[in-house]
Protein chains: 2
Amino acid sequence: MTVSRAERRQRSEQRILGAARTLFAERGFERTTIRAVAARAGVDPALVMQHFGTKDDLFRRAVQAPPPDERAESPEGLVDHLLDTLGLKMGGLSEQSLAMMRSMLTHPDASATARAALGAQIDRLAAGIDAPDARLRAALLTTIMLGVTVGHQLLDIEELRDVPPEELAALLRPVLHALLPA
Amino acid sequence: MTVSRAERRQRSEQRILGAARTLFAERGFERTTIRAVAARAGVDPALVMQHFGTKDDLFRRAVQAPPPDERAESPEGLVDHLLDTLGLKMGGLSEQSLAMMRSMLTHPDASATARAALGAQIDRLAAGIDAPDARLRAALLTTIMLGVTVGHQLLDIEELRDVPPEELAALLRPVLHALLPA
DNA sequence: GGGTTCGCTCAACAACCGTAGAGCGAAAAA
DNA sequence: TTTTTCGCTCTACGGTTGTTGAGCGAACCC
């Protein structure tokens, strides 16, 4: 019944991290206060600082995502992989992705992280596109998916709500294909 | 050489509004302070409140855009009109659009305004699409343009920087067409 | 020209924010 | 058991924020 000290520490760190992710994803960086995170984690605000140092550090920890799986990117599988990106399968995007996206337009740190993440995806995509303007095409593919995700997950546009994932995928497939060279 | 009182009033109101638009567009709502707006307008912070009442009111005034021109929306012209939306022509989007977009993910008011503006565009587009899922297609068209705009104007993705507008339009045209019924 | 209006500034308040340091109590080490 | 460690809370500080009310000076009205 008793819990070891290290265990307690790790456990409350996880609770804080979870609370932070949720609030960052819902309200963004600026509107999320340390106090609110602490309250949601059932913890004193000072403990948050003690664990993560600074609010920016907490944010960095909260949004850091596991490295993307390096699956083989055959040109044909490109579009399918992109459609997965939407988070349509497996119950939506991770909370850390949402948290980062929610803040990427206002928080300089999140903006840089977002640019880096998108840049990485552009790199990955461009490698699978055989055209002189491969990077530009990859960038457009990426921002297109970004836009649909923002509209769907962050702005909650009603026309996209409750649409079966397969229907979205079916409509988007030819769209994405239109950016691949003939 | 002397200026009338009404003239002075209107003049500083415009300066404040301009400063607000610029800062809201650059940093978003939360990171823009009344003091910063006032400083940029060369004015006392209290005057900003006196003119606009509240920071939220100032934001509302700053982002309110002129009503979209009700040009005839022939189904063929749809795509061209959408490409204009990108702000590629005529030196980019208005500062009020950028200000609204910059804050739409974090400020509840801006979020509602953005949803409304996107909803209106979806309506307009859907009217020109002849398909049972016209609204869904219109929503996707809208969010796609949103994504490209966000990536280009707000995140400043380097692959999209300095790309001639015509090149972007040429690549996007088939993309958008892919969402119109055959 | 004298009184009034009013655009504008000055100074300040109350609330909230991120953050730091001292201290408590229980787990760990001796 | 005694001593030490350390996860955690309490309290509080300094700074910034949105916002307000009093007052000044110049344009306005008579």
Side-chain angles (χ1 to χ4, degrees), chain A residues 1-24 26-63 99 102-103 106-110, chain B residues 1-24 26-63 99 102-103 106-110:
Chain A
M1 193 54 189
T2 69
V3 280
S4 93
R5 201 136 63 171
E7 203 172 354
R8 273 194 70 79
R9 177 182 176 81
Q10 191 182 350
R11 214 175 279 186
S12 55
E13 183 162 317
Q14 283 307 318
R15 277 220 316 285
I16 293 172
L17 214 50
R21 274 198 259 262
T22 303
L23 292 182
F24 282 143
E26 283 180 358
R27 321 180 188 172
F29 180 85
E30 286 82 8
R31 295 188 108 90
T32 298
T33 70
I34 298 282
R35 283 168 169 84
V37 171
R40 183 175 241 269
V43 140
D44 191 272
L47 188 64
V48 178
M49 308 305 297
Q50 209 165 107
H51 272 265
F52 297 94
T54 212
K55 190 186 174 187
D56 276 287
D57 290 339
L58 172 62
F59 182 76
R60 247 168 259 137
R61 287 283 308 274
V63 303
R102 177 74 74 186
S103 304
T106 43
H107 189 269
D109 236 54
Chain B
M1 194 56 190
T2 70
V3 279
S4 94
R5 201 137 62 172
E7 201 172 355
R8 271 195 71 79
R9 177 180 177 82
Q10 189 183 350
R11 215 176 279 187
S12 56
E13 184 163 316
Q14 284 307 318
R15 277 219 317 284
I16 293 173
L17 214 50
R21 274 198 259 262
T22 302
L23 291 181
F24 282 143
E26 282 179 0
R27 322 180 188 174
F29 180 85
E30 287 82 8
R31 292 189 111 90
T32 299
T33 71
I34 297 284
R35 282 170 171 82
V37 171
R40 182 174 243 268
V43 140
D44 191 90
L47 187 65
V48 178
M49 307 306 296
Q50 208 166 109
H51 271 267
F52 296 94
T54 212
K55 190 186 174 187
D56 276 286
D57 289 340
L58 172 62
F59 182 76
R60 247 168 258 138
R61 287 284 307 275
V63 302
R102 176 75 73 186
S103 304
T106 43
H107 190 268
D109 236 55

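Chain A is the first sequence line, chain B the second, and so forth, proteins listed ahead of strands; every chain is numbered from 1.
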**Q** Which whole-number value in Å describes the distance from Glu30(A) CD to dG18(D) P?
**A** 13 Å
**Q** Report yes if a side-chain nitrogen or oxygen of Ser12(A) is closer than 4.0 Å to either non-bridging phosphate oxygen (OP1 or OP2) of dC8(D); otherwise report no.
**A** yes
**Q** Check the angle between the aromatic planes of Phe29(B) and Phe59(B) and answer parallel, tilted or perpendicular using the 30° and 60° thresholds.
**A** perpendicular
**Q** With heavy atoms under 4.0 Å as the rule, sort Arg5(A) into base, sugar-phosphate or nothing.
**A** base
**Q** Taking the side chain as C-beta and beyond, is there a heavy-atom pair between Glu26(B) and Arg102(B) under 4.5 Å?
**A** no
**Q** Can you tell which of dT19(D), dT9(C), dT19(C) lies closest to the side chain of Lys55(A)?
**A** dT19(C)
**Q** Please determine whether a side-chain nitrogen or oxygen atom of Thr54(A) lies at a distance below 4.0 Å from atom OP1 or OP2 of dT19(C).
**A** yes
**Q** Which whole-number value in Å describes the distance from Glu7(B) CD to dG7(C) C1'?
**A** 14 Å
**Q** Among dA12(D), dC8(C), dT17(D), find the nucleotide with the atom closest to the side chain of Arg35(B).
**A** dT17(D)
**Q** Please tell me which of the listed nucleotides, dT9(C), dG7(D), dT9(D), lies nearest to the side chain of Asp44(B)?
**A** dT9(C)
**Q** In whole Å, I'd like the distance from the CZ atom of Arg11(A) to the C1' atom of dG7(D).
**A** 14 Å
**Q** From CD of Gln50(B) over to P of dT9(C), roughly how many Å is that when rounded to an integer?
**A** 9 Å
**Q** If you pin Gly53(A) and Arg8(B) to their nearest nucleotides in DNA chain C, which one's is more 5'?
**A** Arg8(B)
**Q** What's the CD1-P distance between Ile34(B) and dA15(C), to the nearest Å?
**A** 19 Å
**Q** Hey, are Thr106(B) and Glu30(B) close enough side-chain-wise for a donor-acceptor pair under 3.5 Å?
**A** yes
**Q** Check whether any side-chain heavy atom of Arg35(A) sits under 4.5 Å from a side-chain heavy atom of Val48(A), and report yes or no.
**A** no
**Q** Can you tell me how far P of dC17(C) sits from CZ of Arg31(B), to the nearest Å?
**A** 15 Å
**Q** Measure from the side-chain N and O atoms of Thr32(B) to the backbone N and O of Leu23(B), and report whether any donor-acceptor pair falls under 3.5 Å.
**A** yes
**Q** What's the CZ-P distance between Phe29(B) and dT17(D), to the nearest Å?
**A** 13 Å
**Q** Nearest to the side chain of Leu47(A), heavy atoms from C-beta on, is which of dC8(D), dC8(C), dC10(C)?
**A** dC8(D)
**Q** OP1 or OP2 of dC8(D) versus the side-chain N and O atoms of His51(A): is any pair under 4.0 Å?
**A** yes
